[in-house]
Amino acid sequence: MSEPERPEHARIDRYEPAAIEPLWQQRWAELGLYDTNLADDSRPKYYLLTMYDYPSGDLHIGHWYVKTPTDALGRFHRMRGENVFMPIGFDAFGLPAENAAIKNKVHPHTWTLKNIDTMRRQLRSMGAGWDWNAEVVTCEPEYYRWNQWIFLRFLEAGLAYRAKSPVDWCPNDGTLAREQVEGTDRHCWRCGARVEKRELEQWYLRTTKYADELLDFTGLEWPEPIKLMQTNWIGRSEGAEVDFTTAADDAQPGGDQLRVFTTRPDTLYGATFMVMSPEHALVPKLTHPSQATEIAAYVAAASRETEIERMSTEREKTGVFTGSYAVNPINGERIPIWIADYVLAGYGTGAIMAVPAHDERDFAFAQKFGLPIRRVIAGSEVSDAEVAAPLTQAYIAHGATDRMVNSGPHSGKPAKQGFADIVAMLEKEGRGKAAINYRLRDWLMSRQRYWGTPIPVVYCDKDGMVPVPDDQLPVRLPETVDYAGSGNSPLKSDAAFMNTTCPQCGGPAQRETDTMDTFIDSSWYWFRYLSPADKNLPVDRSIEARWCPVDQYTGGAEHAVMHLLYARFFTKAMADCGLVHEREPFKRLFNQGQILGADGERMSKSRGNVQDPDELVARYGADTVRLFLMFMGPWDQGGPWSPTGIGGIARFLNRVWYSALDPHGVDAGDPESGTLPAGQDAAAAQEALRAAVHRTLRTVTEEYSEKRFNTMVAHLMELSNLLQRYRGTEIAGTPAWDEAIRLILLMLAPAAPHITDELWSRLAAARGETASSIHATAWPAVDEAAATENEREVPVQVNGKLRDKVQVAVGISEADLEKLVLARPKVVAALDGKTPLKVIHAGGRLVNIVVR
RNA sequence: GCCGAGGUGGCGGAAUGGCAGACGCGCUAGCUUCAGGAGCUAGUACUCGCAAGGGUGUAGGGGUUCAAAUCCCCUCCUCGGCACCA
């Protein structure tokens, strides 16, 4: 074999990411490569969004893990001919700014803007293709005036209201939405303090109006666990409301209707007592004088208790008999009425019919207080004798053969039938009706904090609550500096802000001093990206019609029942106010995993386990860091951070670099370098290379589409290893080789944008051409003819154990293959003289010979 | 307690009924370089064997199948969500 002609060429430049990456970032910005023309409808649109960040001031590796694969996805779609819109912004209102302000005596606005500047710089170092023209910063009046404007529309539509009720109260952060109280110990999601209940007048958004629509995920490609979490959070229960009538006694005339909600109307005959929550309105009236002292003491104790104590499931049941009785509407039975704190005031009607035989909690209560337990449901396998025997635990299952027992005329009916019949009977007699209850509550959205959107209403002595007219928006957040978070609205301390005039009568009035929950900001921001400078409306409906819903949204699963549910609610509410067309915000959702600290804990400054990406970028370059994060494992998995192995990615890019720029180079350490593999001539080698390249292209295209970035990188490494094998041989520099280099660069471009654009332009320059950016180049098409294989290796098993492999032509008949296989010495040996019973052909992919 | 996701070499992981461990890290040996915490080549699940080759193996146990990491049943462990919602 003749030594290929090695042209005399200049020394090959080394791959130095630090030298090339900033240059490319600058060039892309100059070219406006990522400035999306939203009016361009010549191509299909692709709205790609990653959850925007709170500007806490520094970007850690977790931000890279979230953002760089998303960027690769956007670049891939752009190369496939779609008009990609990938905006970015900052969720800039919120407590950390306020806390930092208290601690460091810096104004939250100053602190926030400084952090945003830092983050912009760090974000640019990723080399991501964001459209910075659409940037949104939520703490600026240009943004939050639209929070106020939308709020006023909600107010007009009856979707926002003010009400007094017991609310979750954090000593540091004031009121919280229900979603913002976490864990068994009922702590604040932000500061971790224990949350109390307080009776307060607060602003709510009517999320419950959309409960059923929020349960409908038709047309949404969302991860099943997220849909399930939302479904459980909404907690729809079908059942019935039943009115029990209180009985007369020596202290009261009776005749009051005590309404309960139950999911088991089929167990109505098993109701042996009733329980009201201590806060129930009828408690005073139904308290018999003989029980008054005890009841008063219990009610007082319950109101003092924290949520933690009341909600603990481990705690033994407590309760007090009121002294009164109610009449069961189905059988006229007199049953005692108790109060107990295991019945919640805020769910259903705040009172229950207790069916101890078929409810665990009622069972425990009945046992403790010696109340009767009557079985009314039993499976067909339970004998009559067993039905009569006392239960040792509540039977709560819904068995397929469940029938009613001890239920008067209904006895013997299937439980399902009894459910329907009893509801129908109650409805007919006006003693009850079918009803649905939700666990979901309306969204408590007012906060006693400074750094948020002022709620645009005033209170006038004469006119009461008056909305601020649109033409007076925004209600600007004053420069107030007294924001010591005692739970008292800081805006109250600013007399100049608070005292105003009534828009209706011109008389003295006071502004609302609560601000909005910052989740309001993130509940519609993707609309604002579409028309960030619009002065008349929050979003231009014609642009929204073209660009919504968001095609792909990516973010963490921790937002399952907060941000993602609020965003869906807002979209529906805004649609009902005529502001947008779409009723769902995000068509496709992907939850990437979370990068934890090396200790396996969440990355946080206080734990000191935060990995700073700047160091890694300085040492290895952004492309290596990007690829490494994609290569670590499946994107939805995340895991503890470890930089071990990043060197492998650096080596890979280095090999790509030298393969592209120095195809004729040989490796001194490899005796075979520069020679073709044994038995392969130049023609065969080129064919093999083309087959590998086009098969890789087919696979990699699929992997980008399905966000399987880890295997995508692995397949590109495999191809690069093959190129390495042919480097320096006679096929280096042939058209097949050049095609391979061109395609590997194109395939790598979305993931490693800098090195690929650099090599792309150098290769063009070497040909005497000027290349346009690789990122403006079309994604290549698979040459199916080249990718098709002529031969295939077929594994041969005997009784399921691998014994041999045969190389055969693709399309060989099963008969020929069988003959060939049975003649193989290893197969003959494995058969050991036995006659094959059966030969399984798995579609030409495998042969299995079955013997006894 | 209920619901969900998961458990594969020394490590990250690949394979969703058909060759377990792709790709990478680490490790071992050799080569190469003025030098390197650089580069290249080969080997690397466990186990018996000089080797050829054999046996075992995907948390544990059972099952379905010609064939199981993959499907079914039971048990254990890890992570996430919910917290008396009638």
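Side chains are part of it too, since the values below use all heavy atoms of this structure and drop only hydrogens, waters and symmetry mates. Naming: A, B, ... by sequence-line order, numbering from 1 per chain.
- A straight line from CZ of A:R727 to P of B:U41 spans 10 Å, rounded to a whole angstrom.
- Within 4.0 Å (heavy atoms only), A:R236 reaches no atom of the nucleic acid at all.
- Using a 4.0 Å heavy-atom cutoff across all strands shown, A:L228 reaches sugar-phosphate atoms only and no base atom.
- Rounded to an integer number of Å, the gap from A:D804 CG to B:G53 P is 10 Å.
- Taking atom P in both B:G17 and B:G81, one finds a spacing of 31 Å when rounded to whole Å.
- Geometrically, A:R626 does not engage A:W64 in a cation-pi contact defined by less than 6.0 Å to the ring centre and at most 45° from the axis.
- Between the CE atom of A:M630 and the P atom of B:G12 there is a distance of 21 Å, rounded to whole Å.
- Heavy atoms of A:S237 sit under 4.0 angstrom from primed sugar atoms or phosphate atoms, though from no base atom.
- Nucleic acid contact class of A:R655 (heavy atoms, under 4.0 Å, all strands): sugar-phosphate only.
- A:E558 comes within 4.0 angstrom of nothing in the nucleic acid, heavy atoms only.
- Here the P atom of nucleotide B:G18 and the CZ atom of A:R792 are 14 Å apart, to the nearest Å.
- The CE-C1' distance, from A:M717 to B:G13, rounds to 12 Å in whole Å.
- Rounding to whole angstrom units, CH2 of residue A:W635 and C1' of B:G12 are separated by 19 Å.
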Self-check item: ring pair (Phe, Tyr, Trp, His ring centres under 6.0 Å) between A:Y65 and A:W641, intermediate numbers included
Solution: CA-CA 10 Å; A:Y65 189 69; A:W641 168 255; 9.0 Å; no

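- Separating the CG atom of A:L344 from the C1' atom of B:C82 is a distance of 14 Å, rounded to the nearest angstrom.
- Rounded to whole Å, the P atom of B:G9 lies 14 Å from the corresponding atom of B:A69.
- Taking the C1' atom of each, B:G10 and B:U44 are spaced 11 Å apart, rounded to whole Å.
- Side chains of A:E279 and A:V299 form no contact here, defined as non-hydrogen atoms less than 4.5 Å apart.
- If you take CG on A:L653 and CE on A:M717, they are separated by 8.0 Å, rounding to the nearest 0.5 Å.
- Seen from the ring of A:Y269, A:R374 does not count as a face-on cation partner, given the 6.0 Å and 45° thresholds.
- With a 6.0 Å cutoff to the six-membered ring centre and a 45° limit on the axis angle, A:K317 does not count as a cation-pi contact of A:F365.
- Of the listed nucleotides (B:G18, B:G37, B:G26), B:G26 has the atom at the smallest distance from the side chain of A:R651.
- A gap of 5 Å separates the C1' atoms of B:U70 and B:U16, to the nearest Å.
- B:U58 and B:A22: their C1' atoms are spaced 15 Å apart (whole Å).
- Here the side chain of A:Q724 is nearest to one of B:A86, B:U41, B:C19, namely B:U41.
- Cation-pi check for A:R178 over A:W443 is not met; the charged atom does not lie both under 6.0 angstrom from the ring centroid and within 45 degrees of its normal.
- A gap of 27 Å separates the P atoms of B:C23 and B:U32, to the nearest Å.
- Nearest nucleotide to the side chain of A:N721, out of B:A5, B:C23, B:A83: B:C23.
- For A:K805 and B:C19, a side-chain-to-base donor-acceptor distance below 3.5 Å is present, hydrogens and geometry of angles not being considered.
- The phosphate of B:U56 (OP1 or OP2) has a side-chain N or O of A:K801 nearer than 4.0 angstrom.
- Set against B:G55, B:A83, B:C23, the side chain of A:W233 has B:A83 as its closest nucleotide.
- Rounded to an integer number of Å, the gap from A:N232 CG to B:C84 P is 15 Å.
- Counting only heavy atoms from C-beta on, A:R14 has its side chain closest to B:G36 among B:G36, B:G39, B:A83.
- Checked options A:V827, A:V839, A:L822; the residue passing with A:V847 is A:V839 (criterion: side-chain contact (heavy atoms from CB on, under 4.5 Å)).
- Residues of residues 701-716 of chain A having a heavy atom closer than 4.0 Å to RNA chain B, listed by number: A:N710, A:T711, A:A714.
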Could you walk me through whether A:D442 and A:T208 pass the side chain to side chain donor-acceptor pair (under 3.5 Å) test, one step at a time? CA-CA 6 Å; A:D442 281 340; A:T208 52; 2.6 Å; yes

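- In this model, the phosphate group of B:G54 is approached by a side-chain N or O of A:R803 to a distance below 4.0 Å at OP1 or OP2.
- Separating the P atom of B:C74 from that of B:C79 is a span of 23 Å, rounded to the nearest Å.
- Taking every side-chain heavy atom of A:L802 into account, B:C19 is the closest of B:C19, B:G81, B:C84.
- The shortest distance between the side-chain N/O atoms of A:Q637 and the OP1/OP2 oxygens of B:G13 is below 4.0 Å.
- You'll find that the side chain of A:T644 is closest to B:C25, out of B:C66, B:G37, B:C25.
- Distance check on atom C1': B:A51 versus B:G13 gives 33 Å, rounded to whole Å.
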